[in-house]
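Quick note on labels: first sequence line is chain A, next is B, and so on, each numbered from 1.
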Amino acid sequence: MQKIIKINSLNEFLTNLIKDYTVIAPVKERTTKFKAILDPKQIYLDKITKIPLKKFFLPEEELLLAFKENKITEVRPKTKPTIIFGARKCDLNAINVLDKVMKDPNYMHRRKNTILIGMYCTHPDKYCFCESMELINFYDLFFYPYNGHYYISIGSKKGEALVKHLPSAKKEITLKFKNTKKIKNKDIAADYQNTIWETDANKCLSCSACTVVCPTCNCFDIKDKSLINKKQGRRTRSSASCQLKSFSRVAGGKAFRDSRLSRFKHFVYHKIVYFKNRHKIYMCVGCGRCLRACPTHIDWTKTINILSKTKKIQKK
Amino acid sequence: MKQKKENTTEKLKIGLYGISGCAGCLLTVIYEDCFTEINELVDIKAFPLIKEDNYKGPLDYCFIEGTVCFDEDIITLKKLRKRSKYIVALGACSHVGGVPSMKNFLNKDKVMRFVYPKYNHLKSTNPTPINKHIKVDYYLPQCPPSKKEILEFVQAITSNRPFRLTEDPVCFECRKKGNPCLLNQGQLCLGPITRGGCDALCPTNDTICYGCRGPCPDANIHAFKELLKEKGYTQKELVAKMQTFAGLQFKEFEEEKSTWLEK
Ligand code: SF4
Ligand code: SF4
Ligand code: SF4
């Protein structure tokens, strides 16, 4: 059963939440990102954020432990109960992807402490292809705007508690997503050796933008640093990128993924093939961030579509 | 007191010298943030910029700032090389040629006339980075070099830890900071082909990357040039930008002649 709230009562609803929770929502500053807000007027829903939601769960340069003399302290995040408001369906499914692989106490702490409230997006752009990625309903609450009201779907007890004071909707409203972009045939496992990938890889600058903005890329690097007297030090975690040679560099200097081509293909195959084989869901949620951010306008979804076209022709 | 003296004798002997340059890199070393610690870790034996009395004997590490612009510079370099176990190129001029190296791509005499209209006795040469004349063991890039990196280097040599420059491009740090991309906005940012390690200082302050840290070892310059052509930049505009600091190295890199990159 859905709950219902007038669109112009939303700010009041959020203001009340801000009293008890840290509310994180999309905002537009120098760039668009998720950030703790103090006033619902700060919220910006027009376009998908450039910076993904993962930054909240996996912060850059996160301090994991510190030591002083012989005493080691593991650092745990101290977060107030948090509500994420205004995440899109792709953003929410990206959290589902991260949940499959991130199991460390800091991530788990933030996840357990967080309520996810999604918002239907009325403006998918030409890069969005979420419909092709078999997304699921993954939220505590989800808002559908319709006829001056939000129809709120409930996904969990935690979510239900937040809206129990609201009236129930008389009819159920869920809206379809309207992507123009689609991936037609995602079965590309046999095409790894296809030379078609070279065209994309030759254009690739190995700049790492795609992995940094991808909401599901979660590879990280752990760095230990000690002060020169070796009596004090800290261990931090920050994101790594498979598009960089340093990513596969090992002691002795060898980099196992030396060629740009192998690095580029790894990105696509991890998103579309490897992760799916292991976890039954695609690692890509179709948000299109990698395509928007790529300075050389590489569109690997187009490449996949060309592959399926040539296959059809071969079959005929 | 006695103990203290023993410790001092064990410290590495350091010299900091400059050839033709603006002294900015040497000045960076004496910023409060890093100088106090450096001074504690090593024995600064020679530093003509700030010391009157300078030791003339053998050094463990010799930091050199500046570009080779005169024959005298070569003589100075060779002497320093003989005196030192390790040579450290300090800053963009020393590392990749820096701003003076631009002259390699311009009419030498015109440039000289432009800067010094009156002096007829000057001889105009092609400015080069120091590794064209002596063997260089370490590089601390950037114009001016990063205080953080200088300190990290000194910490590494005094604790027997290896020192490596990052091989990742400026874009990696820039994107991680969440900066809006200047290249995507149509500006000629050299971030994708430039070696990182500067914390994306320029793009973070809304200024394009000028490539002062030299080419990133994995740079795809061909694709980068194609992209800028598509964006409507001329070859001349792009090359001029690449020649601001590290034109010589970008050129060698493209011709695959560069030997210093994997250091
Ligand atoms: S691979 Fe691209 S489209 Fe897919 S989730 Fe990552 S950024 Fe979004
Ligand atoms: S954003 Fe584009 S150019 Fe940069 S690493 Fe990814 S695919 Fe390559
Ligand atoms: S602004 Fe420059 S350095 Fe930053 S991501 Fe864009 S191209 Fe790279």
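- Of the atoms belonging to L205(A), heavy atoms from both backbone and side chain fall under 4.5 Å from chain B.
- Most heavy-atom pairs under 4.5 Å with chain B, from the set V212(A), T296(A), T31(A), N202(A): that is V212(A).
- With chain B as the partner, the residue from G253(A), S206(A), A209(A) showing the most heavy-atom pairs under 4.5 Å is A209(A).
- At least one side-chain heavy atom of L291(A) sits under 4.5 Å from a side-chain heavy atom of T301(A).
- Under a cutoff of 6.0 Å and an axis angle of 45°, K176(B) and F172(B) form a cation-pi pair.
- Only the side chain of E152(B) comes within contact range of chain A, with heavy atoms under 4.5 Å apart.
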Exercise for review: Before giving the answer on ring-ring contact (aromatic ring centres under 6.0 Å, His included), spell out for Y269(A) and W300(A) the whole-Å C-alpha distance, their side-chain angles and the decisive distance to 0.1 Å.
Suggested key: CA-CA 11 Å; Y269(A) 275 78; W300(A) 52 269; over 10 Å; no
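- With a threshold of 4.5 angstrom between heavy atoms, K203(A) approaches chain B through N, CA, C or O but not through any side-chain atom.
- Judged by the 6.0 Å distance and 45° axis criteria, K271(A) is positioned over the aromatic ring of F267(A).
- Only the backbone of A240(A) comes within contact range of chain B, with heavy atoms under 4.5 Å apart.
- Contact annotation for K225(A): only side-chain heavy atoms (C-beta onward) come within less than 4.5 Å of a heavy atom of chain B.
- Salt bridge annotation for R213(B)-E149(B): present, with a cationic side-chain nitrogen under 4.0 angstrom from a carboxylate oxygen.
- Under the 4.0 Å criterion applied to side-chain N and carboxylate O atoms, D218(B) and R260(A) are assigned as salt-bridge partners.
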